[in-house]
Amino acid sequence: MFRQALNVGKTQLARGYATAAPTKTAPLTLFGIDGKYATALFQAAASKNALAAVEADLTNIEQQLAKEPRLEEYLASPMLNKSAKEELIASLGKKSDITSNFFSTLVENNRLNETKAIISSYKSLMEAERGIVSVKVTSATQLGNKELKQVKDNLTKGGLIKDFKEINVVNKVNPSIIGGMVVEFGDFTIDMSVSSRLAKLEKLLTDSIAI
């Protein structure tokens, strides 16, 4: 099943899933390496009714990486051989067979450096499965509840986000965007920042001068 989802050739992705049930469609389309792996894991877990168990495994791993940042460096290090990385993953606590096999796949494909991103993407899939979509709104200064509600209403009324029971809007402050905002959800980004407009203007002027 992992192999079908990732289409990565010689891996151990399909280990133990030869008799799996028909593949469940992911509730959210994710792209990028982390998105593809997270989707494959989600589908494998769904086929075994183990979505929550895998989520618990990943949460535990995420918490341990947060407590000891050097663990992440070790996972991504090209200096550690695959056997050492397998042992390191095993030391992170008891995990379901699906999660264990999945991390063996990451080791085999040299993708352990994507661990945090994959966990984040899996969480996004689980939120979508529960009817929740998270929206990150980045602004130069903190936005008030009124502005955040307006963003939520515009996304809903505009049809950009639909078929969800709940929209969770989180405001992140980044002074470097100068003004405006950047709205992100799933793999969609709506960049309305002043810094982006200035960058486009600078490129336009540069191209004009070059001509």
Side-chain angles (χ1 to χ4, degrees), residues 1-66 71-72 75-76 82 85-86 88-90 92-136 155 160-170 183-189:
M1 177 173 291
F2 282 146
R3 179 175 296 167
Q4 293 175 344
L6 291 169
N7 191 28
V8 292
K10 294 182 179 180
T11 65
Q12 299 174 354
L13 295 178
R15 189 192 314 170
Y17 298 103
T19 58
T23 303
K24 174 182 174 66
T25 301
L28 195 65
T29 301
L30 299 178
F31 301 95
I33 293 172
D34 57 296
K36 290 179 180 179
Y37 275 87
T39 299
L41 178 57
F42 177 91
Q43 292 174 330
S47 73
K48 297 293 183 179
N49 294 318
L51 288 172
V54 170
E55 183 180 30
D57 290 340
L58 296 182
T59 297
N60 176 56
I61 292 172
E62 182 180 45
Q63 290 173 346
Q64 294 193 59
L65 292 178
L71 282 175
E72 188 177 359
L75 292 178
K82 292 180 179 179
K85 290 183 177 181
E86 288 269 16
L88 182 58
I89 289 297
L92 296 180
K94 185 177 180 181
K95 295 172 284 293
S96 65
D97 289 343
I98 292 176
T99 303
S100 295
N101 288 343
F102 179 75
F103 273 92
S104 292
T105 295
L106 294 184
V107 171
E108 183 67 25
N109 293 344
N110 294 314
R111 292 297 188 186
L112 280 178
N113 60 309
E114 297 284 344
T115 297
K116 286 184 69 175
I118 290 171
I119 292 175
S120 178
S121 292
Y122 187 89
K123 285 187 172 183
S124 294
L125 290 170
M126 289 300 293
E127 285 187 341
E129 178 71 6
R130 295 177 177 120
I132 303 170
V133 61
S134 290
V135 177
K136 182 171 75 173
L155 290 173
L160 292 174
I161 294 180
K162 54 185 178 180
D163 300 328
F164 286 96
K165 300 175 183 177
E166 180 183 342
I167 299 177
N168 181 31
V169 180
V170 178
V183 180
E184 301 171 86
F185 55 96
D187 276 292
F188 294 93
T189 299

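The shown structure was predicted, so the numbers you read here are calculated from the model rather than taken from an experiment. The figures that follow rest on heavy atoms only: side chains count, while hydrogens, waters and symmetry mates do not.
Closest non-hydrogen pair, Lys123 versus Thr59, comes out as CE-OG1, 4.1 Å. Across Ile98 and Ala50, no two heavy atoms sit closer than the pair CD1-CB, 3.9 Å.
No side-chain heavy atom of Leu41 sits less than 4.5 Å from a side-chain heavy atom of Leu125. The side-chain heavy atoms of Phe102 and Tyr37, taken from C-beta on, include a pair separated by under 4.5 Å. For the pair Asn110/Lys82, a side-chain contact is recorded, criterion being any heavy-atom separation below 4.5 Å from C-beta on. Counting heavy atoms from C-beta on, the side chains of Lys48 and Asp97 never come closer than 4.5 Å. Residues Leu51 and Met126 meet the side-chain proximity criterion, which asks for heavy atoms closer than 4.5 Å. Within the 4.5 Å cutoff, side-chain heavy atoms of Glu129 are placed close to those of Lys24. With contacts defined as side-chain heavy-atom distances shorter than 4.5 Å, the pair Phe42/Val54 does not qualify.
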Task: Intermediate values then yes/no, side-chain contact (heavy atoms from CB on, under 4.5 Å), Phe185 and Ile167 - done: CA-CA 10 Å; Phe185 55 96; Ile167 299 177; over 6 Å; no

Task: Verdict with supporting geometry, Leu71 and Leu92, side-chain contact (heavy atoms from CB on, under 4.5 Å) - done: CA-CA 10 Å; Leu71 282 175; Leu92 296 180; 4.0 Å; yes

- [ ] Begin with the C-alpha distance, continue with both residues' side-chain angles, and end with the deciding distance and a verdict on side-chain contact (heavy atoms from CB on, under 4.5 Å) for Thr115 and Phe103.
- [x] CA-CA 9 Å; Thr115 297; Phe103 273 92; 3.9 Å; yes

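Between Arg111 atom CZ and Leu75 atom CG the span is 15.0 Å, to the nearest 0.5 Å. Between atom CG of residue Leu88 and atom CD of residue Glu86 there is a gap of 10.5 Å, rounded to the nearest 0.5 Å. In this structure, OG on Ser104 lies 11.0 Å from CG on Asn109, to the nearest 0.5 angstrom. Thr39 contributes atom OG1, which lies 4.5 Å from atom CG of Leu30 (distance to the nearest 0.5 angstrom). Atoms CD and CD, from Glu72 and Glu62 in turn, are 10.5 Å apart once rounded to the nearest 0.5 Å. Taking CG from Leu65 and CD1 from Ile119, the interatomic distance works out to 6.0 Å, rounded to the nearest 0.5 Å.
Put simply, the side chain of Lys136 never gets that close to the backbone of Ser134: no donor and acceptor are under 3.5 Å apart. At distances below 3.5 Å, not a single donor-acceptor pair connects side-chain atoms of Lys85 with backbone N or O atoms of Leu112. For the pair Asp57 (side chain) and Ser96 (backbone), a donor-acceptor distance under 3.5 Å is present.
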